[in-house]
Structure formats: C-alpha cells, structure tokens
Amino acid sequence: MSRSDDSVLFTYIAPFLGVLLVAVGIAAAVPATYDVIQDDITTCGTPTIAVDSPEETTARFGEDPRPNLTRFAYEDLSEAEQEAFRDALDDAVGESRVDGEFPHYGAFLNGSLVTYEGERHYTTVVAENPCFVAAPLQLPLGVFAIALGGIGILTPPAYRKLVALEEGAE
C-alpha cells in the first residue's frame, strides 16, 4: 500500500465510516436510553380508564344493559382500581390512570358495569399506555458504535500527527 493509498484511507474512508457508526450508534442508543428511563418520565404501564356517569350509562345501554357486560360491585375492585374509579368520577373528562394492581384489566378492556353507591357506571379502558421495549443489547452496542465512530472521526488528525512525527524523524 502506497503512501497515497494510506492517505485516502485515513483521511477520507476512516472518518466517513466513523460518522456512519456514530449515526447508527445514536439511532440505537437514544431509544434504548428512553427504554431505561421511561418508567420515571411517562405513564407507560398504567392504563387509563373512563367512567361514565349513571345518566350516560343509561343513555348508552337503556335500563337493561347487555347481558354480556361484566358487572362488578365497587367493593370487588382492587385498591388501585377503586382509586382510579373515584378519580375518574371527579375528573372533568371522566378518565383516570390505574396506577397499581389491575386484576380486572381484561373485563375493563371489554367494558364493564360497576355499581357504586347504588348506581351503575359503564367503565372501560381507553388507553393502554404500553411501554417501549428495546433489545437488551441495544444500549451497550449503540454506545460502543458511538465510541468506535469517534475513533474513526479522530483518525485523520492522528494520522497527520503521525506523518509529521515520521517526517521530522527523517
């Protein structure tokens, strides 16, 4: 390999590959980092329920709701479900997140009737708020690609310095 070939390799190809590696590394590391911190900054994993008022429930189903709706007494709900139900009743839109144990998720997903203080409320899951899941090695490989790309980008100045030292030694 001649000196000109070395120059092209270290001056153009290595930094170009370095930039590509940094771009790929950022594309992998950013979503993987989000996966790590999302529990602290988002509502993922906490479904949102909507609770209709008794009037809305009657308007939706009439006096005799469909027999295939699951029915619950308020006391049958878990602590987190009860809290979300009460919060949804107080909410202007009628929605609240279930932050905790949600054993009746399947029934709520299909719509359920909850009897609270003698009145029926149609309750359903309106947002599942799933969490983003990254591959387990995505973050370390992304960071490695960024580091390797940085080395590629820094190759031309290092090559020029090495050549200058070599020419000074002659």
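With sequence neighbours excluded, no residue forms a side-chain hydrogen bond (donor to acceptor under 3.5 Å, both in side chains) with Asp87. Not a single side-chain hydrogen bond (donor to acceptor under 3.5 Å, both in side chains) links Arg160 to another residue, sequence neighbours left out.
Between the side chain of Glu119 and the backbone N or O of Pro54 there is no donor-acceptor pair closer than 3.5 Å. Remark: the backbone N or O of Thr57 is not paired with any side-chain donor or acceptor of Asp52 at under 3.5 angstrom. The main-chain N or O of Thr43 is found under 3.5 Å from a side-chain atom of Thr46 such that the two form a donor-acceptor pair. With Gln38 contributing its side chain and Phe132 its backbone, the two residues share a donor-acceptor pair below 3.5 Å.
The CD atom of Glu166 sits 14.0 Å away from the NZ atom of Lys161 when rounded to the nearest 0.5 Å. Distance CG/Leu9 to CD1/Ile13: 5.5 Å, rounded to 0.5 Å. Between the OG1 atom in Thr33 and the CD1 atom in Ile26 there is a gap of 11.0 Å [rounded to 0.5 Å]. Of the inter-residue distances, the one linking Ile49 atom CD1 with Ser112 atom OG reads 10.0 Å to the nearest 0.5 angstrom. Atom CG of Leu89 is separated from atom CD of Glu95 by 12.5 Å, given to the nearest 0.5 angstrom. With values rounded to the nearest 0.5 angstrom, Arg86 atom CZ is found 10.0 Å from Ser96 atom OG.
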>> Test side-chain contact (heavy atoms from CB on, under 4.5 Å) on Phe61 and Leu69; report intermediate values, then the result.
In response: CA-CA 10 Å; Phe61 299 108; Leu69 284 175; 3.7 Å; yes
> Can Ile153 and Val22 be said to form a side-chain contact (heavy atoms from CB on, under 4.5 Å), step by step?
Replying inline: CA-CA 9 Å; Ile153 292 170; Val22 168; 3.9 Å; yes
>> Run the side-chain contact (heavy atoms from CB on, under 4.5 Å) test on Thr123 and Leu113 for me, step by step, so that the C-alpha distance in whole Å, both residues' side-chain angles and the decisive distance to 0.1 Å come before the verdict.
In response: CA-CA 6 Å; Thr123 307; Leu113 289 175; over 6 Å; no
> Does the pair Thr48 and Asn129 meet the rule for a side-chain contact (heavy atoms from CB on, under 4.5 Å), with working shown?
Replying inline: CA-CA 7 Å; Thr48 303; Asn129 301 327; 3.1 Å; yes
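Note on Phe16 and Tyr159: same hydrophobic cluster, where clusters join Ile, Leu, Val, Met, Phe, Trp and Tyr whose side-chain heavy atoms are under 4.5 Å apart, directly or indirectly. Ile41 is connected to Leu139 through a chain of hydrophobic side-chain contacts under 4.5 Å among Ile, Leu, Val, Met, Phe, Trp and Tyr, so both are in one cluster. The hydrophobic cluster containing Phe10 also contains Val8, counting ILVMFWY residues as joined when their side-chain heavy atoms lie under 4.5 angstrom apart, directly or transitively. Taking hydrophobic clusters as Ile, Leu, Val, Met, Phe, Trp and Tyr residues chained together by side-chain heavy-atom distances below 4.5 Å, Val126 does not share a cluster with Val114.
Nearest heavy atom pair, residue Pro15 against residue Pro156, reads CG-CG, 3.2 Å. Of all heavy-atom pairs between Cys131 and Gly45, the closest is SG-N, 3.5 Å. Across every non-hydrogen atom of Ala28 and Pro31, the tightest pair is O-CD, 3.5 Å.
Leu109 is listed as a side-chain neighbour of Glu128, based on a closest heavy-atom distance under 4.5 Å. Ile146 has its side chain out of reach of Leu21: every pair of non-hydrogen atoms, C-beta onward, lies at least 4.5 Å apart. Using a 4.5 Å heavy-atom cutoff, the side chains of Glu81 and Pro103 are in contact. Side chains of Arg120 and Thr58 form a contact here, defined as non-hydrogen atoms less than 4.5 Å apart. Looking only at side-chain heavy atoms (C-beta outward), Tyr34 and Val30 stay at 4.5 Å or farther from each other. Residues Ser78 and Phe102 are not in side-chain contact: their nearest non-hydrogen atoms beyond the backbone lie 4.5 Å or more apart. Contact check for Tyr122 versus Glu56: no side-chain heavy atoms found under the 4.5 Å cut-off. Between Arg71 and Thr115 the shortest side-chain heavy-atom distance does not fall below 4.5 Å.
Taking the six-membered ring for Trp and the full ring otherwise, the centers of Tyr105 and Phe108 sit at least 6.0 Å from each other. The six-membered or imidazole ring of His121 lies away from that of Tyr74, with a centre-to-centre distance of 6.0 Å or more.
No more than 12 heavy-atom neighbours from other residues, nucleotides or ligands sit within 6.0 angstrom of OH on Tyr12.
A donor-acceptor contact closer than 3.5 angstrom is absent between the side chains of Asn110 and Thr70.
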